[in-house]
Amino acid sequence: MIIRDITERKKTQELLLNSEKLTIAGQLAAGIAHEVRNPLTAIKGFLQLMEAQLNNKTYFSIIQSEMDRIELILSELLILAKPQDLKFERENLSSLIEEVKTLIDTQAIMNNVQIYILNEYQDLVVKCDRNQLKQVFINFLKNAIEAMPEGGIVTIEIKKLGTNKLKIFFKDTGIGIPQSILKRIGEPFFTTKENGTGLGIMISKQIIENHNGTVHFWSDKKGTMIEVILPIDNKQ
């Protein structure tokens, strides 16, 4: 009898499958976004002409808002298809995190959520596209706030991982994510939100991977934790 541990082989197969899904999703995203954006531009133009000529404009604002939502989804799709558009520069991680906290604080206060930053390293520098990394962190914080409808605490913790990497933890005190759903986080178009696109986490993971980093998710009844690992830029 021969017994072999095929755990690593299964993990490799799963990573290859997810990578293939992401590649296909990116290709589909580019095609769909370009094909939809062209007629959408024409529709918006004709809508503006009609609005100027008609007295009753009751429905125009509704149509406009829905088309704006379509454009938002198209923009998210194009992020999947355009990793080469990233503009990498050396950025201080502490100031970037503080800026993100400032941007999200209003929404947090309105939802009775407190955000704390635990950081002993004020001089950590990462080479990144500042705007896209901010987009990822804002997305994680918004998800954390939405997971605590009765209020709660979000903690952002920054730690060193050896000399060349760092960890950023986003922890909430929400109700947690069931394991059946946790396994599917990051799949294309999978969402539990009524108005979600199913692209937020997927795009966030793609952006972190484009920064040579990784993302991991843990959750139980005490809350959810997201771990982001990024390389440190030690060059002066």
Side-chain angles (χ1 to χ4, degrees), residues 7-8 10-26 29 75-104 115-144 154-172 182-183 185-188 199-219 223-236:
T7 305
E8 290 301 320
K10 281 192 171 185
K11 284 183 180 178
T12 303
Q13 288 174 344
E14 188 176 344
L15 286 170
L16 287 171
L17 182 61
N18 287 336
S19 177
E20 187 178 350
K21 283 181 181 178
L22 196 59
T23 302
I24 293 169
S75 298
E76 289 185 336
L77 285 169
L78 283 172
I79 290 173
L80 286 176
K82 289 188 175 181
Q84 70 275 11
D85 286 353
L86 295 171
K87 296 178 182 178
F88 287 92
E89 295 179 354
R90 298 181 82 246
E91 299 286 351
N92 181 284
L93 183 69
S94 297
S95 63
L96 194 149
I97 292 287
E98 288 287 352
E99 190 174 331
V100 167
K101 181 181 180 297
T102 301
L103 289 169
I104 208 76
I115 300 175
Y116 296 103
I117 299 174
L118 303 178
N119 180 21
E120 298 177 3
Y121 311 97
Q122 297 298 323
D123 58 348
L124 290 178
V125 174
V126 293
K127 199 167 185 180
C128 66
D129 183 301
R130 185 180 184 87
N131 290 331
Q132 291 215 352
L133 213 54
K134 277 169 59 178
Q135 177 187 340
V136 171
F137 297 159
I138 288 170
N139 184 38
F140 289 160
L141 289 173
K142 285 178 70 176
N143 286 344
V154 177
T155 306
I156 306 169
E157 187 173 1
I158 300 170
K159 291 185 176 181
K160 269 190 174 182
L161 180 61
T163 57
N164 298 317
K165 292 183 179 180
L166 59 86
K167 287 184 178 182
I168 310 168
F169 295 101
F170 297 86
K171 306 174 187 176
D172 67 52
L182 191 65
K183 290 178 182 178
I185 283 182
E187 287 185 12
L199 295 171
I201 294 295
M202 183 181 179
I203 289 170
S204 296
K205 288 181 72 175
Q206 178 69 65
I207 290 171
I208 295 299
E209 287 170 9
N210 290 337
H211 285 74
N212 298 314
T214 56
V215 186
H216 303 96
F217 299 86
W218 290 275
S219 192
T224 300
M225 181 173 73
I226 303 173
E227 175 197 68
V228 176
I229 298 177
L230 290 169
I232 299 172
D233 189 340
N234 290 315
K235 295 178 182 178
Q236 298 298 325

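Worth knowing before you read on, the calculation uses all heavy atoms, side chains too, and leaves out hydrogens, waters and symmetry mates.
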Distance (rounded to the nearest 0.5 Å) between [X] [atom1] and [Y] [atom2]:
| X | Y | atom1 | atom2 | result |
| --- | --- | --- | --- | --- |
| Ile138 | Ile104 | CD1 | CD1 | 6.0 Å |
| Leu124 | Leu96 | CG | CG | 12.0 Å |
| Glu227 | Lys167 | CD | NZ | 4.5 Å |
| Lys127 | Asn212 | NZ | CG | 10.5 Å |
| Ser219 | Lys171 | OG | NZ | 13.5 Å |
| Asn164 | Asp233 | CG | CG | 10.5 Å |

Any [X] side-chain heavy atom under 4.5 Å of [Y] side chain:
| X | Y | result |
| --- | --- | --- |
| Phe140 | Ile201 | yes |
| Val136 | Ile208 | yes |
| Phe137 | Lys101 | no |
| Glu91 | Leu133 | no |
| Leu118 | Phe169 | no |
| Cys128 | Leu230 | no |
| Val100 | Ile156 | no |

Enclosure of Glu120 CD (heavy-atom neighbours >12, cutoff 6.0 Å):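 Counting neighbours around CD of Glu120, 12 or fewer heavy atoms of other residues, nucleotides or ligands fall under 6.0 Å, so no.
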Check for a donor-acceptor pair, side chain of [X] on one end and backbone N or O of [Y] on the other, with a separation under 3.5 Å.
| X | Y | result |
| --- | --- | --- |
| Asp172 | Thr224 | yes |
| His211 | Phe88 | no |
| Ser94 | Tyr121 | yes |

side-chain contact (heavy atoms from CB on, under 4.5 Å) assessment of Asn119 paired with Leu93: CA-CA 10 Å; Asn119 180 21; Leu93 183 69; over 6 Å; no
Glu89/Arg130 ion pair, N-O < 4.0 Å: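 Salt bridge absent between Glu89 and Arg130.
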Asn139 side chain to Gln135 side chain, donor-acceptor N/O pair below 3.5 angstrom: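 Judged by distance alone, the side chains do not pair up.
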